[in-house]
Amino acid sequence: MTDNEERLIELKDRVCRSIDETREKLHRLSQDIWSCPELAYQETEAHDRLVAFFTHEHGWTVDSHFKLETAFRATWRTGGDSEGTMNVGFLCEYDALPGIGHACGHNLIAEVGAAAAVGLKAALEGAQEGVPVQVTVLGTPAEEDVGGKIDLLKEGAFKGIDVVFMAHPSKEDATYLPCVAEHDVTIKYHGKTTHASSYPWRGVNALDAAVLCYNNLSVLRQQMRPDWRVHGIIKHGGLKPNIIPDYTELEYYLRTPTRAELPVLKEKAERCFRSAAVATGCTVEVEYARNQLDNILRVAELERLFERNGKTLGMDFTTDEDVLRNESGSTDFGNVTFAVPGIHPYFYIGSNALNHTPEYTVAAGDEKAQFFTLRTAKALAMTALDLLLQPEAMQRVMQEFTEVKLKDDKMSNGV
Ligand SMILES: NCCC[C@H](NC(=O)CCN)C(=O)O
């Protein structure tokens with residue numbers, strides 16, 4: 001075994017020990033966030049708790065309200081000049097869901113990011129030969145909405161970060177689960193009210209338009225690729241049965257496995273929106289969310305390193321092809337992966353509950369989740385050490401990142 005390999009093992013042990021030594025503070029942080037669920041862009045308490053956590057941990061430079069009201073940044077760097085310093089990013093999410101609190105366990109995402117950063121810093125602080133590194137923690141709000149990470153990307157918050165890590169609670173350990181491109185859209189129909197019984201023929205029925213739109217999209221599914229998704233709700237359908245509705249509103253999520261396919265689906269969906277207006281005589285407004293979520297650009301080398309570290313800690317990565325190929329959602333982390341190589345693995349939290357259910361809310365606040373949460377943080381920090389102490393590993397990551405980006409560019413440009 002080489003000296004460097006021995007050093008890596010020692011530093012990885014130090015990461016695990018320091019995270020275990022901080023577990024009480026980390027659990028309290030996670031519990032404080034879990035017990036005060038806040039919606040996207042309204043995560044003021046969670047922001048304050050995380051800012052206070054890093055402020056009280058020595059050595060961190062903390063920027064509260066960093067580019068967004070409820071975003072933050074905490075940085076720590078080893079001494080020496082900035083030349084050759086690798087900037088390792090860890091992301092914290094902390095927004096909850098309406099009506100069911102932290103049913104996606106974002107309190108645990110925040111805890112994983114904080115724990116991994118604290119563990120990596122502790123390991124490197126004591127390293128004999130300096131390892132030039134900056135550790136950057138970014139608090140990224142509103143993942144469940146239009147995506148705070150995308151806002152932060154636009155504001156340059158990820159500039160200078162060389163590799164980025166986060167992890168998401170799930171019902172199994174997985175180095176990756178399909179994360180698809182998505183664009184949210186609101187469709188508004190405007191008609192004309194009249195008495196629905198006395199003289200309905202004088203009205204223009206916006207609810208008819210909404211129902212036709214819903215049905216148009218429902219029949220479109222037969223002609224969609226099986227891995228595309230179109231799903232939505234009628235947010236406003238009218239005021240009273242005897243008033244022909246003059247305003248209705250629908251919200252839909254349009255999803256495709258790659259960002260290159262999304263324009264194709266959007267064009268088909270828009271025909272459904274607009275034909276409902278034509279058929280009823282309504283006017284229609286189509287409003288897309290300001291941010292489109294991209295699919296995750298995968299870097300297999302990062303996933304391999306993470307899986308190797310996770311297995312040494314006892315993680316049991318799923319091999320269920322059905323899960324690995326089909327069960328998917330979207331995340332604004334996808335947009336980050338087109339700017340910075342990164343991984344977004346999933347981790348079991350001691351429950352078979354499904355995300356976005358009240359049962360998952362309970363599981364995310366259960367002390368039983370702590371062991372799995374801290375184990376995941378250790379594996380992330382250990383993977384960061386692999387890159388810091390093995391330059392050839394980071395070179396492989398960058399080479400692969402360049403290749404997959406080029407392949408995506410060609411697909412997006414129809415090459
Ligand atoms: N409009 C954004 C929705 C994102 C949401 N993300 C997830 O559920 C991943 C876990 N937080 C989605 O519906 O996919």
Side-chain angles (χ1 to χ4, degrees), residues 30 33-34 37-43 46 91-113 139-153 166-174 176-187 227-233 235 250-259 262 265-266 269 287-296 323-324 326-337 342-349 351 353-361 363-365 369 373 376:
S30 170
I33 295 171
W34 179 83
E38 297 166 303
L39 300 182
Y41 295 113
Q42 302 168 41
E43 313 94 332
L91 306 189
C92 297
E93 293 179 2
Y94 33 88
D95 60 325
L97 289 159
I100 48 175
H102 278 291
C104 217
H106 287 194
N107 61 301
L108 301 179
I109 296 177
E111 185 178 0
V112 165
T140 63
E143 184 274 334
E144 295 283 3
D145 190 274
V146 292
K149 296 180 192 66
I150 305 167
D151 298 328
L152 288 168
L153 275 165
M166 67 170 282
H168 199 295
S170 183
K171 57 183 171 43
E172 64 269 301
D173 291 334
Y176 168 81
L177 289 178
C179 274
V180 297
E182 175 202 351
H183 209 166
D184 302 355
V185 59
T186 297
I187 307 106
D227 48 11
W228 292 2
R229 292 287 181 274
V230 169
H231 53 95
I233 55 173
K235 290 184 81 170
L250 304 92
E251 184 177 9
Y252 266 81
Y253 291 0
L254 310 179
R255 310 200 203 222
T256 54
T258 66
R259 62 181 189 174
L262 206 45
L265 174 56
K266 286 168 70 171
E287 296 172 355
Y288 283 97
R290 70 170 181 277
N291 292 333
Q292 170 187 308
L293 276 62
D294 291 336
N295 51 294
I296 285 184
V323 169
L324 293 170
N326 298 316
E327 298 185 3
S328 64
S330 306
T331 171
D332 55 356
F333 186 80
N335 301 60
V336 176
T337 63
I343 47 168
H344 177 288
Y346 292 80
F347 62 98
Y348 175 66
I349 63 168
S351 165
L354 299 177
N355 292 68
H356 290 209
T357 64
E359 294 77 15
Y360 208 87
T361 307
T373 300
T376 303

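One is the number of the first residue; the rest follow in order along the sequence. Quick caveat: nothing in here was measured; it's all calculated off a predicted structure. First listed ligand is number 1; within each ligand, the first listed atom is number 1.
The closest heavy-atom contact to atom 5 (C) of ligand 1, among the options H106, R229, E144, R255, comes from E144. The residue from C179, S330, G329 that puts a heavy atom closest to atom 9 (C) of ligand 1 is S330.
By the 4.0 Å heavy-atom criterion, D145 is counted among the residues contacting ligand 1. At least one heavy atom of D184 sits less than 4.0 Å from an atom of ligand 1.
H168 has its ring centre less than 6.0 Å from the ring centre of Y346.
Residues satisfying the side chain to side chain donor-acceptor pair (under 3.5 Å) criterion with E43, sequence neighbours excluded, are T70.
Less than 4.0 angstrom separates some heavy atom of C104 from each of these atoms of ligand 1: 10 (C), 11 (N). Of all atoms in ligand 1, listed by their number and element, those nearer than 4.0 Å to a heavy atom of H356 are 8 (O). With ligand atoms numbered from 1 in the order given, ligand 1 contributes 1 (N) to contacts under 4.0 Å with heavy atoms of Y253.
Distance alone, capped at 3.5 Å, places no donor-acceptor pair between the N291 side chain and the D145 backbone. Not one N or O on the side chain of N107 forms a donor-acceptor pair closer than 3.5 Å with the backbone of G365. A side-chain donor-acceptor contact under 3.5 Å links D332 to the backbone of G148. Side-chain atoms of S330 come within 3.5 Å of backbone atoms of V180 as a donor-acceptor pair (strictly under, hydrogens ignored).
Note on residues 176-186: pairs passing salt bridge (charged side-chain N to carboxylate O under 4.0 Å, His left out), not counting sequence neighbours, are E182-R255.
Scanning the protein for heavy atoms near atom 10 (C) of ligand 1, the closest one is H168 NE2, 3.0 Å. Here the heavy atom of the protein found nearest to atom 3 (C) of ligand 1 is E182 OE1, 3.6 Å.
Ligand 1 has a nitrogen or oxygen under 3.5 angstrom from a nitrogen or oxygen of E143.
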